[in-house]
Number of protein chains: 2
Amino acid sequence: MDADPIRERVLDAADALFYQQGIQAVGMDAIRARAEVSLKRLYQCFPAKEALVAAYLRRRDERWITALTDFVENTPATTPRVCAVFDFLAAWFATPGFRGCAFVNAFGELGAVSPLAVQALRSHKERLRTRLVALARRDGVADPESAAAHLLFLVDGAIVAASAGTVADPAGTAREAALRVVTAG
Amino acid sequence: MDADPIRERVLDAADALFYQQGIQAVGMDAIRARAEVSLKRLYQCFPAKEALVAAYLRRRDERWITALTDFVENTPATTPRVCAVFDFLAAWFATPGFRGCAFVNAFGELGAVSPLAVQALRSHKERLRTRLVALARRDGVADPESAAAHLLFLVDGAIVAASAGTVADPAGTAREAALRVVTAG
DNA sequence: TGCCGGGGAGAACGAGCGTTCTCTAGACTA
DNA sequence: TAGTCTAGAGAACGCTCGTTCTCCCCGGCA
């Protein structure tokens, strides 16, 4: 499956460059240079830039959801599952090079032109919402479906705030709000 | 001040095209065509595309905040001020051609390259946060500062959800969450 | 040793962009 | 009427990008 090392190298380079600088701002030659791969090989792996963008978004979706799930599973059971989501966000925001949600950014760049970007945003947020439903249910929240929608808002809002820098501790503040949302009502 | 009609025409064209298709996807010639202005006049008004982008974001910030304020002031006093914010969002989301937050989109496109975009996002969200503090205070919320941060998350999260289409009624659902946030605690 | 196929480096190509320049037509003045 | 200035239309320029093509080298085989 992922036994092709040069394909992985290309995807690593694309991930770093696309996320850091934006998709349109990064040329195929920059990816080729960072991956240390010939242009011919690059186009053998991905027949066009759009295919590379699709693979980039697919892999980032997979990895992000997996990282979130792992983080939540590895937090002590004493903390509510939905709070662990925001602890995960806090760690992510502190990552050097954090630059917001890759799917929201891609939507901003390409949403009007490429259905790929809007589809990627939609499916990523839908997967996240589904995870939030499951976590809310495990916490014994009364209405897991609507709680998950509220939590989804808080997650995306915290990501925007972390990008903008308008709130001092976005993850911690969103965590407080999450506690109120799932306990009140 | 804004007595220059061709400058207004240019800004109208830029607003429509930039918001709809993205900033990088729209060329100066497309703006010239839509504004029905000669290229020479366009460059007399704005010496470079970056100046036009800055003016576009500044005007959109001004108009959006003003529209929100007007909407809130014109809603009956029986509904909490912070709920009126989400009623405003509902009306905005239903607007044809809605394509998310122009500032978040601009940040996704240009954030890594242009300090202008990150500054515009930051100042826009800060202005919004300040308004939310004032509204929360008028509602008699216990801690208006932290309530405003929570509401800001819900607003931005609802905008992302409206873009992605993952939640059926983003504004209404966020409004519920807002009520819980400001009453609980 | 002579031959051949594959892969790397990078030139080439066509398109699109932001920005500037040129040309021309028309309006206003003496 | 002759001259001058302005402004519009659009060609031109330099650059970048995605994609393809060409050339050359190097390893395997008769």
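To find a chain, count down the sequence lines: A is the first, B the second, and so on, and within it residues start at 1. Since the structure is predicted, the reported quantities are computational estimates derived from the model, not experimental observations.
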Rounded to whole angstrom units, what separation is found between the [atom1] atom of [X] and the [atom2] atom of [N]?
X       : N      : atom1 : atom2 : value
A:Ile31 : D:dT19 : CD1   : C1'   : 14 Å
B:Glu36 : D:dG10 : CD    : P     : 13 Å
B:Lys40 : C:dT20 : NZ    : P     : 13 Å
A:Gln21 : D:dC17 : CD    : C1'   : 15 Å
B:Arg32 : D:dA7  : CZ    : P     : 18 Å
B:Leu42 : C:dT20 : CG    : P     : 12 Å
B:Leu39 : D:dA9  : CG    : C1'   : 10 Å
A:Met28 : D:dC17 : CE    : P     : 12 Å

Closest to the A:Tyr43 side chain: D:dG18, C:dG8, C:dT19? D:dG18
Establish, yes or no, whether a centroid distance under 6.0 Å links the rings of A:Trp92 and A:Phe71. no
Would you call the rings of A:Phe93 and A:Phe98 parallel, tilted or perpendicular, where under 30° means parallel and over 60° means perpendicular? tilted
Classify A:Val26 by what it touches in the nucleic acid, base, sugar-phosphate, or nothing, heavy-atom distance under 4.0 Å. sugar-phosphate
Within a 6.0 Å radius of atom CD on A:Gln44, are there more than 12 heavy atoms belonging to other residues, nucleotides or ligands? yes
Over-ring placement of A:Arg32 relative to A:Tyr43, 6.0 Å and 45° cut-offs: no
On the nucleotide D:dG18, are OP1 or OP2 found under 4.0 Å from the side-chain N or O atoms that A:Lys49 carries? yes
On DNA chain D, nearest-nucleotide positions of A:Ile23 versus B:Val37: which is more 5'? B:Val37
